[in-house]
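All of these numbers come straight from a predicted model, not from anything done at the bench. The first residue in the sequence is number 1, and the count goes up from there.
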Amino acid sequence: MSYAKEREQNIARNKALLDDLGIDPLRPKREPKENLRKQVAAKKRKSPLLENDELEEPPKKVSCIANDSNEQGGARRSSRLAGKTVDYKQEQDRGVPEPVTFKRSQKLKVGQVKSKRTYDPHMYGHIPDVEVGTWWATREDCSNASVHGPWVSGIAPGPNGAYSIALSGGYDDDVDEGYAFTFTGSGGRDLRGTKTAPKNLRTAPQSSDQSFEDRNNAALQRSVDTQKPVRVIRGFKGKARSKYAPSEGYRYDGLYLVKKAWIAKGLNKGGFLVCKFAFVRMPGQEDIPVNDGGDDESDE
């Protein structure tokens, strides 16, 4: 079976699974449109025009001031020191300045976040003072706001389930219906990379089976049992396949519950197994805005 055909079948299966979870009542009759953020170009400074439209005369060169006291072979003196007596022996030795890398290493320790967080991201539910629909430019900003702690990993594991996940792109056969979506777990990739592509990390191909022994997948599996709410941020990388992804940056879309966890054959050349999860949004939250680049189907 071809990759495209297998992907089509997996998407149809995932959509049917989400429909069985009964998400239609969660969708509003009229979905709000996304408010695009316009980037303001920096204005170039213009030189003021002269009233008579004539160019100013170029600055005249200042001739060096002759110093009769400067003997052949003596120390050179600039024109600004003309007529002044300078005692070079009494000048203070300020020493060798510290390199910039050394100064930075003193400010930040390994694993330390640049800006101080107001709240601990290791909590379930909403983060105080962070409203649903809040937008950030980078994953680092999301971490500083305590909504999703990891800068790279898509899952923030906790003892009673995952605290949060980042939904950004994902696997080709994942389905994002906004108020419910399927999510593929972590693991099964060789993070060490190869000689030709060292440290390729998330871009590495699937090389082994995923399992619920992975700490991230195990946390999402516990979320099914505990039904602890999981914070979800959506990233711009998913806008090509979902109208619910933001056109830029990352957006907090509220709390979801993990309703199902299972293992299935992954969409990869080796046929390796992957951990799959089905999320459903909790009711009573702000509607999710839709972008103009996705599959925007109008509701009847």
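- Listed by chain and residue number, nothing satisfies the salt bridge (Lys or Arg N to Asp or Glu O under 4.0 Å) test with Asp129 (two or more places apart in sequence, or in another chain).
- Ala137 meets the side-chain contact (heavy atoms from CB on, under 4.5 Å) test with Trp135, Asp141; sequence neighbours excluded.
- In this structure, Glu248 does not pair ionically with Lys239, as no charged nitrogen and carboxylate oxygen lie closer than 4.0 Å.
- Residue pairs meeting the salt bridge (Lys or Arg N to Asp or Glu O under 4.0 Å) criterion with at least one partner in residues 265-288, sequence neighbours excluded, are Asp173-Lys276, Asp174-Lys276.
- The salt bridge (Lys or Arg N to Asp or Glu O under 4.0 Å) check on Asp172 picks up Arg241, with sequence neighbours excluded.
- A search for salt bridge (Lys or Arg N to Asp or Glu O under 4.0 Å) contacts involving Asp214 returns nothing, not counting sequence neighbours.
- For the atom pair CG (Asn35) and CG (Asn291), the distance works out to 12.5 Å, reported to the nearest 0.5 Å.
- Other cluster members for Tyr252: Tyr119, Met123, Ile127, Val130, Val132, Trp136, Val147, Ile233, Leu255, Leu257, Met282, joined by side-chain heavy-atom distances under 4.5 Å among Ile, Leu, Val, Met, Phe, Trp and Tyr.
- Following chains of ILVMFWY side-chain contacts shorter than 4.5 Å, one cannot reach Phe236 starting from Val290, and the two form parts of different hydrophobic clusters.
- The main-chain N or O of Pro246 is never found under 3.5 Å from a side-chain atom of Glu34 such that the two would form a donor-acceptor pair.
- The minimum heavy-atom distance linking Asn217 with Cys275 is given by the pair ND2-SG, 3.7 Å.
- Linking ILVMFWY residues whenever their side-chain heavy atoms come closer than 4.5 Å, directly or via other members, places Ile11 and Leu21 in the same cluster.
- What you find for Glu31 and Tyr179 is that their closest heavy atoms are OE2-CE1, 4.2 Å.
- Heavy-atom minimum distance, Ile155 versus Pro150: O-CG, 3.9 Å.
- In this view, Gln227 and Lys259 satisfy the side chain to side chain donor-acceptor pair (under 3.5 Å) rule, not counting sequence neighbours.
- In this structure, the separation between CZ on Arg231 and SG on Cys142 is 11.0 Å, given to the nearest 0.5 Å.
- A salt bridge does not link Arg222 to Asp225: none of the charged side-chain nitrogens sits closer than 4.0 Å to a carboxylate oxygen.
- If you take CZ on Arg27 and CD1 on Ile288, they are separated by 10.0 Å, rounding to the nearest 0.5 Å.
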Requested in this report: Tell me, with the steps shown, if Glu131 and His126 meet side-chain contact (heavy atoms from CB on, under 4.5 Å).
Outcome: CA-CA 8 Å; Glu131 298 180 356; His126 294 297; over 6 Å; no
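- The side-chain contact (heavy atoms from CB on, under 4.5 Å) search around Gln221 returns Phe212, not counting sequence neighbours.
- The ring pair (Phe, Tyr, Trp, His ring centres under 6.0 Å) search around Tyr163 returns His122, Tyr124, not counting sequence neighbours.
- Residues Lys228 and Asn160 approach most closely at CG-O, 3.5 Å, considering heavy atoms.
- Here Ser211 contributes atom OG and Ile263 contributes atom CD1; the two are 7.0 Å apart, rounded to the nearest 0.5 Å.
- Looking at Gln206, its side chain does come within 3.5 Å of a backbone N or O of Gly187 through a donor-acceptor pair.
- Hydrophobic cluster membership for Tyr3: Leu267 (Ile, Leu, Val, Met, Phe, Trp, Tyr linked by side-chain heavy atoms under 4.5 Å, directly or transitively).
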Report task. List the steps and the verdict of side-chain contact (heavy atoms from CB on, under 4.5 Å) for Val224 and Lys260. Result -> CA-CA 6 Å; Val224 179; Lys260 186 177 180 180; 6.0 Å; no
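- Remark: Phe181 engages Tyr256, Phe279 in a ring pair (Phe, Tyr, Trp, His ring centres under 6.0 Å) (not counting sequence neighbours).
- The nearest pair of heavy atoms linking Leu17 to Ala278 is CD2-CB, 3.7 Å.
- Thr182 places no side-chain N or O within 3.5 Å of a backbone atom of Asn14 that could act as its donor or acceptor partner.
- In the model, Ser143 has a side-chain atom that pairs as donor or acceptor with a side-chain atom of Arg117 under 3.5 Å.
- In this structure, Ser223 contributes its side chain and Ala219 its backbone to a donor-acceptor pair below 3.5 Å.
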**Report entry** Steps toward side-chain hydrogen bond (donor to acceptor under 3.5 Å, both in side chains) verdict (Arg13, Asn10)
**Finding:** CA-CA 5 Å; Arg13 189 183 305 113; Asn10 290 356; 2.9 Å; yes
Requested in this report: Let me see the working for Gln210 and Ser186 under side-chain hydrogen bond (donor to acceptor under 3.5 Å, both in side chains), right down to the final yes or no.
Outcome: CA-CA 7 Å; Gln210 292 184 0; Ser186 66; over 6 Å; no
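- For the atom pair NZ (Lys237) and OG (Ser168), the distance works out to 5.5 Å, reported to the nearest 0.5 Å.
- Heavy atoms only, all atoms of each residue included: Gly133 and Arg251 are closest at O-CG, 3.7 Å.
- Note on Val175: it clusters hydrophobically with Ile23, by side-chain heavy-atom contacts below 4.5 Å among ILVMFWY residues.
- Between Tyr250 atom OH and Arg139 atom CZ the span is 6.0 Å, to the nearest 0.5 Å.
- At least one side-chain heavy atom of Ile165 sits less than 4.5 Å from a side-chain heavy atom of Leu220.
- Residues that satisfy the salt bridge (Lys or Arg N to Asp or Glu O under 4.0 Å) test with Arg234, not counting sequence neighbours, are Asp176, Asp253.
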